[in-house]
There are 4 protein chains.
Amino acid sequence: MIVTILGFKGGIGKTTTAVHLAAYLSQYDKTLIVDGDPNRSASSWAGRGKLPCDLCDEQSAIKLAKSYEHIVIDTKARPEPEDLEALLKGCDKLILPTTPDALALDALILMLKAMPQGANYNILLNIVPPKPSKMGEEAIKFLEDAGLQVYPFVIRRFTAYQRAALKGVTVYESGDRMGKIAWSDYQRLGREVLNV
Amino acid sequence: MIVTILGFKGGIGKTTTAVHLAAYLSQYDKTLIVDGDPNRSASSWAGRGKLPCDLCDEQSAIKLAKSYEHIVIDTKARPEPEDLEALLKGCDKLILPTTPDALALDALILMLKAMPQGANYNILLNIVPPKPSKMGEEAIKFLEDAGLQVYPFVIRRFTAYQRAALKGVTVYESGDRMGKIAWSDYQRLGREVLNV
Amino acid sequence: MIVTILGFKGGIGKTTTAVHLAAYLSQYDKTLIVDGDPNRSASSWAGRGKLPCDLCDEQSAIKLAKSYEHIVIDTKARPEPEDLEALLKGCDKLILPTTPDALALDALILMLKAMPQGANYNILLNIVPPKPSKMGEEAIKFLEDAGLQVYPFVIRRFTAYQRAALKGVTVYESGDRMGKIAWSDYQRLGREVLNV
Amino acid sequence: MIVTILGFKGGIGKTTTAVHLAAYLSQYDKTLIVDGDPNRSASSWAGRGKLPCDLCDEQSAIKLAKSYEHIVIDTKARPEPEDLEALLKGCDKLILPTTPDALALDALILMLKAMPQGANYNILLNIVPPKPSKMGEEAIKFLEDAGLQVYPFVIRRFTAYQRAALKGVTVYESGDRMGKIAWSDYQRLGREVLNV
DNA sequence: TGAGTTAGAATGGCACCACCCGTC
DNA sequence: GACGGGTGGTGCCATTCTAACTCA
C-alpha cells in the first residue's frame, strides 16, 4: 500500500504523521518512508536515532519501491494544483493532516476546491489541544458540514512528539510517560488505513 | 520603521506575530501591514473583523508606504537564499519567529547559514508551551550557544490567539480570559523593537 | 398519544412547540416528530444538532407510527377548511399555538369558525412578552370570552429558543441561562397534555 | 413608485412594514396599499381605525393604480418560484422583510436561490430585539457574507406596533410612548426607498 | 401628556471549580 | 505521587433597555 501525506502548509505535523504511520505499518510488513519534503524533516528525524523502518529520498524511491510492501510518502508543502492529480494517481490513499485552527482550515478548504470528485483522500485533524478544548470536534463538524471526508478521530497534541523527534524515535519508544497514550492515536489511524 | 517578519517554514505563528506587532506599533504611530504571504493569512485575519491598522498586498505597498510611519511585512515562507540579502536591505529590523521544537530549530539554523554577518535580525521563540515546560528556555540557550541573536523572551502558546484569529481581532480585544496576559508578551516584543 | 400542532399562519412558534412538546413526551415514552411543514423547519432544527426524539416526514410516518408511543405532528400552515375535519379525526389532541397580537388572534378566530363543535382542541398562547406586559392574560381572556378553549398558561418569549434552534437542541440542553426557565413553560404544557 | 413587500413565511412583520412604509410615502404623495395577503391583514388593520392612505385588494388595484403616485403591495406569503420573476417586473423595488432568527434566515436564503441575478431587491431585518442583543447586526453580517443585498439598518421590535394594529393606526399616531422612536426606524427605511 | 420608578431580559465581565497535561 | 497552570463550565454582578405603573 502506498500512502501519501500531503500538507498544504507547514507546521501541521506532516512529518510526524508520516513517521508514526510508517512505524505502525512496519509492525506488519516491510515499510519505506519517502522524504519528499525540501526541509528533509523525516531524514532529520531518522538521523538523530533509529526508526523501525527504512527511509530514502524521492530519487531513490523508484528503485527501492519494489522491495517494500508499504510506502509512506512525505510530500513537500503547498503543492501546485496541477500536481494534485498526479499525486492522487500515484498512491492508494491520500492523507491530509491539518491543525484545528481557523487559518489552517480555511487554507485547506481553499486547496480542496481543486481536488477531483471521488478522490480517495481523508483529512486528519492533528495537534489537537487536550480534552477540555472542543477544537477537535468543532473542526471535524465544520469540515463534515463542508462536505469533506474527515477521519472521525484526531491525533492529540503531546509534548512527547517533540521529545521523540529530538531523540529520533517514535513516541512509543521515546520512554515518555504520555508516549503510549500518544501512540494509541496513531494505532487508531493505522487500523483505519489498513482496513481500506 | 520597517519590520520584516520572515518564516522559514509554515505554522510557526508568522502571521500572528505580524498582526500583533503591527497592533502594538499602531498605538504610537500610523502602521501598515503588508501581506506578502501566498496564503493571504493576514488578509484572512483582517477580513473576519477589524484590526487597528491598515493592510495591503505587496503591489500596493510601494504606493502606500509613504503615508505610514511603521510598516510590518509578512513575507512568504521559505525564501530563496538569494532573497535574503534583499530582504535585509529592505527593512530596519528582521524578525524570525520559530517554534521551540527540534525540527523547526534545525531548519532555522540551516537557513541562517546563508545569513550575512552583522545582519540586524533576531530570532523570536513563538508558540512556547506553558511554564512547567522548559522548551522555551532550552531553545533560547541552544540558539545562543550556536552564536545566533535570539530575543531573551518568548511568546507563549495560548488558545486565545486562535479565537482572536477567528474573530478577526487582536488577543487584546478578543475578550478572552487570557487575552491580556497573551498581549503582554507582544508588548514586551514591541518595546524591544521600538528601542532599537 | 397523537398530538397535532396546527398553525393558521407562520411565525407563531409552531415548530418550537412541536419540538419541545415531543422532547417532553420522550422523557416518558418513545416519541416521534412528523415534519409536515413545507419549510421542513423541524428537520432543519434537528439537522443542526441532536434532538432527544426521532423525526420523519409525512410519507414515512405511516410506516414508523406503530413503533412509537407518542407522535407529535407539525402540520403545514394555513390548512384548508376541508382538511380540518380530517386533522381532528387523525389525532387525540389538537394544539393551536398563536401569538398574543391582534392580527394573529383575528386570523385564529376566523379559522375556528370552521371548527366542528365539541372538537378536542386547545389554543396555546405562544411567544408571550415578559411579565410587565399583560398581553398574555388579555389574549386568554379575549379568547375565553369568545367561547374558545384556551390553555390557562402561556409560553413566554425567550431568546434562548432561537439559540437552541441554531444549535439544534432543546432549550433545556442549550446551556442558555434562561434555558431551564423557558423549559418550565413546556413542562407545564406537557403535564396538561399527558393528563388528558 | 411601486414597492412590493414579499414574505417567504408568515410572522415576519410583512403587513406592518407595508402599512408604515405606505404611511411614510403618503407624507409626500398620494399612496395606495394593495392588500394581496389571503389573511387580509392590511385590511384588518385599516378596518379598526384610520390610516393616512387608501387601501384596496388586488382586483381593484389595476383600476385605481393610475390615480396614485406611490403603490405599496403586500403580497401573499410563500410565493411560488415562478411568481418571482413576475413580481420583480411588476415593481420598482422589492423589499423582503425577515426576522433575525436562524430558521427564518435559512428559509430566506433558500428562496433567494431562485432570485434572478441583478434583481432590484433588499432584505430588511425586522422585529429585531433591543440593543443588548446582537442578533440584528449578526444577521446583517451573515446575509452580507452570503452575498445578498441587505439594508444596513433594522426595524426594532416594539410593543407599540401591536397596539397600533389594535387601534388601526400607525405607531406614530398610536399615542404610545415608544411610538415616535419606532417611527424613526420606518423614516430611515422610507428615506432609503425614496432615494432610489 | 410627560417624567420618574420598577421589574425583567440580554450581554459582558469576573471569580470559582473540575479536569488534565507536564514537570519534579 | 504531588504540584502548577491552561481550558472549559457554571454562577453572580453590573449595565442597558423595554414596558408598565404612578404622579404632577
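As the structure is a prediction and not an experimental result, all values here were calculated from the model. Chain A is the first sequence line, chain B the second, and so forth, proteins listed ahead of strands; every chain is numbered from 1.
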### Query
Can you give the first and last nucleotides of DNA chain F, 5' to 3', that have an atom under 4.0 Å from a heavy atom of chain D?
dT16(F) to dC21(F)

Taking only residues two or more places apart in sequence or in another chain, which ones pass side chain to side chain contact (heavy atoms under 4.5 Å, CB included) with [X]?
X         : value
Ala107(D) : Phe8(D)
Ile127(C) : Thr99(C), Arg157(C)
Val154(D) : Leu125(D), Val128(D), Ile140(D), Arg156(D)
Ile155(B) : Leu124(B), Asn126(B), Tyr161(B), Asp185(B), Tyr186(B)

### Heavy-atom protein contacts under 4.0 Å, nucleotides 11-22 of chain E, coded B base, S sugar-phosphate only, - none
BB---B----SS

Tell me every residue that passes salt bridge (charged side-chain N to carboxylate O under 4.0 Å, His left out) with [X], counting only those two or more places apart in sequence or in another chain.
X         : value
Arg48(A)  : Asp106(B)
Arg188(C) : Glu192(C)
Asp176(C) : Arg163(C)

